[in-house]
Structures are given as C-alpha cells and as structure tokens.
Amino acid sequence: MSSSDEYPEYVAQNVAVWTKANAEHTGPNARGAWAQDEITWGVFEIPERDLDVLGDVDGLDVVELGCGTAYFSAWLAKRGARPVGVDPTPAQLATARELQRELGLEFPLVEGVAESVPLPDASFDLALSEYGASIWADPNRWIPEASRLLRPHGRLVFLRNGTISMLCMDLDGVTEQLQRSYPELRRIEWPDTKEVEFHTPAGELIDLLRANGLELERLVELYAPEGAKTHESYSYVTPEWARKWPAEELWVARRR
Ligand SMILES: C[S@@+](CC[C@H](N)C(=O)[O-])C[C@H]1O[C@@H](n2cnc3c(N)ncnc32)[C@H](O)[C@@H]1O
C-alpha cells in the first residue's frame with residue numbers, strides 16, 4: 001500500500017472520525033498534552049513512574065503507530081528518544097507539525113497506516129501504540145508490521161481498552177452488563193459512527209504475537225487510582241467503574 005487509495009476498506013471512515021475529533025477535541029487539547037512533562041498512561045493518567053513499563057528511552061529509535069497529535073512521541077523525544085510518528089489522518093498530523101514548530105521539538109511524521117508502514121525493516125528499538133494501531137488497525141496486519149520494524153530484542157508496547165470494558169461497552173459508555181460475545185471483540189463496527197475497531201481476545205493476541213516473533217513480557221491491567229476524575233473528552237468510563245474492573249491494558253512484548 002503506497003497511497004491512501006490502497007488503505008484497507010475501514011480506514012476512510014476511521015480517518016473521517018479522527019478528522020472530526022481533531023476539530024472538536026484532540027486538536028484543541030494537544031498543546032496541553034505536548035506541554036506536559038510527565039509521561040502518563042490512559043484516561044486516568046497513571047504516571048509511567050508508577051508502572052515502569054518503558055524504562056530508560058534515551059537514545060532509542062521509536063516508531064509510534066497511530067501517533068495522532070504525537071504528544072506521546074513528544075514526551076519520548078524530551079527524554080532523548082528519536083521518535084517517528086505514523087498516522088493516516090492528515091488533520092492529526094497537521095496539529096502535530098504545528099506544535100513541533102511552536103515548541104522546537106522536531107521529529108519525522110509519516111502519513112500512513114500501521115498495516116503497511118513505509119519504513120525499513122529492523123530500524124527501531126521500540127514500537128509503541130497508545131490507542132492508535134492497537135485498536136484502529138487490523139492486528140493480523142499491524143502486528144507483523146511492528147515485528148518487521150523492530151530490531152532483535154526490540155520491544156512492542158501498546159495500550160488498549162481493557163477486555164472487560166469492551167465486553168461491557170454500549171453506545172453511551174461502559175456498563176455493568178455484558179453487551180457482546182467474546183469473539184465479537186475481533187472487529188466492532190459501531191452502528192452510530194460506523195467506526196471500525198479491533199479488540200482481539202487475549203489468547204488469540206498472545207498467539208499472534210508469538211507467531212510474529214514477539215514474546216509477551218507483561219500485561220498490565222490499569223484501574224482508576226484513588227482520587228481519579230472522569231476524563232473530559234473520554235467520559236465513556238467512570239472512575240467508579242474502573243476501580244472495580246480494569247478499564248485499560250498495557251501490553252509489553254519483546255522481539256526474539
Ligand atoms: C486516540 S488517537 C491516538 C492517540 C495518540 N497517542 C496521540 O498522541 O494523539 C488514534 C489515532 O489512530 C489513528 N489511526 C486510525 N486508523 C489507523 C491505522 N489503520 N493505522 C494507524 N493509525 C490509525 C487515527 O488517525 C488517530 O489519530
């Protein structure tokens with residue numbers, strides 16, 4: 001795939017949704033996210049220092065798959081990493097470029113999908129996705145790509161919604177009832193926005209990682225910490241719910 005004409009069929013609708021999100025919230029909120037000094041994870045902003053998932057990133061070549069407005073890459077660049085951001089939504093990349101110029105923190109941004117990344121084999125120490133490829137790209141295509149991009153012993157780290165939260169999610173947010181069968185998590189097309197998401201069941205995802213030369217090292221299930229507040233833009237899950245069940249999960253795998 002070398003141009004957007006050849007993207008998988010679900011990408012155009014997802015890009016439309018992210019173009020709208022960029023105008024409504026990710027664009028306006030990006031400046032604050034870029035300015036943040038601490039690395040945090042997920043809707044309840046759990047500090048990386050409490051989880052220690054990334055370790056020292058100084059000097060690492062990092063590819064962020066589905067970088068959006070690239071605030072996560074910016075946090076890594078501030079710590080001495082050399083990130084490259086990949087995303088198919090031009091509006092998200094435009095926000096990232098504007099902030100790069102404004103803050104003098106420049107790194108490459110590539111317009112493309114995680115299913116077919118126009119970057120060379122074995123050129124990164126860390127492949128990262130924070131709700132990017134991890135839920136918006138077909139795992140049967142983006143996991144092999146992430147593996148291809150990693151050097152031997154490089155790491156793949158990604159954040160996605162918790163399995164239990166996706167089982168209980170309806171159009172208004174996360175409920176306390178099961179809303180779908182487990183196999184339906186493989187591909188969800190939301191009836192209102194027509195967005196397509198991928199939340200592969202855990203056992204299948206571990207097999208897929210292994211089949212692509214990646215060994216799972218950690219699966220960190222994230223709960224809302226004491227004092228957490230409902231996120232302004234991502235209010236689909238409340239801290240009350242997320243203190244009882246893990247709303248999000250961080251996966252860490254290493255290339256053999
Ligand atoms: C929640 S945002 C990513 C958040 C990101 N961590 C940030 O810093 O803004 C999701 C992003 O995934 C991107 N995306 C959608 N489909 C994708 C695909 N097939 N491959 C890679 N990224 C994709 C969207 O364009 C969107 O910018």
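Numbers here are sequence positions counted from 1. In listed order, ligands and their atoms are each counted from 1. Model, not experiment: these values are computed from the prediction.
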With a 3.5 Å distance limit and no angle check, can you tell me whether Arg255 reaches the backbone of Asp125 through a side-chain donor-acceptor pair? no
Can you tell me if Asn22 uses its side chain to pair, donor with acceptor, with the backbone of Trp18 under 3.5 Å? no
Can you find a heavy atom in the side chain of Phe72 that is under 4.5 Å from one in the side chain of Trp41? yes
Between Tyr234 and His231, what is the ring plane arrangement, given parallel below 30°, perpendicular above 60°, and tilted in between? tilted
May I ask you to check whether Trp18 has an N/O atom sitting below 3.5 Å from an N/O atom of ligand 1? no
Does Thr69 have a heavy atom less than 4.0 Å from any atom of ligand 1? yes
Tell me, do Glu48 and Val53 make a side-chain contact under 4.5 Å, heavy atoms counted? yes
Heavy-atom nearest option to atom 8 (O) of ligand 1, drawn from Gly68, Cys67, Gly85, Ala114: Cys67
Mind checking whether Glu130 contacts ligand 1 via backbone (N, CA, C, O), side chain (CB onward), both or neither, at a 4.0 Å heavy-atom cut-off? both
Atom 10 (C) of ligand 1 sits nearest the protein heavy atom Tyr131 O, 3.2 Å
Where ligand 1 meets Gly66 - atom numbers and elements under 4.0 angstrom, heavy-atom basis: 3 (C), 5 (C), 21 (C), 22 (N)
Out of Gly27, Ala70, Ala137, Pro88, whose heavy atom is nearest to atom 17 (C) of ligand 1? Pro88
Give the atom numbers and elements of ligand 1 that come within less than 4.0 Å of a heavy atom of Glu115. 18 (C), 19 (N), 20 (N)
Would you list the pairs meeting salt bridge (Lys or Arg N to Asp or Glu O under 4.0 Å) in which at least one residue belongs to residues 156-169, sequence neighbours left out? Arg160-Glu249
Atoms in ligand 1 with a heavy atom of Gly132 nearer than 4.0 Å: 12 (O)
Considering Tyr71, Phe72, Trp34, Trp136, which one's heavy-atom position lies nearest to atom 12 (O) of ligand 1? Trp136
Classify the ring geometry between Tyr10 and Phe198 as parallel (under 30°), tilted (30 to 60°) or perpendicular (over 60°). perpendicular
Does some non-hydrogen atom of Asp87 fall short of 4.0 Å from ligand 1? yes
Within ligand 1, which atoms have a heavy atom of Gln92 less than 4.0 Å away? 26 (C), 27 (O)
Please identify each residue that fulfils side-chain contact (heavy atoms from CB on, under 4.5 Å) with Glu226, with sequence neighbours left out. Arg243
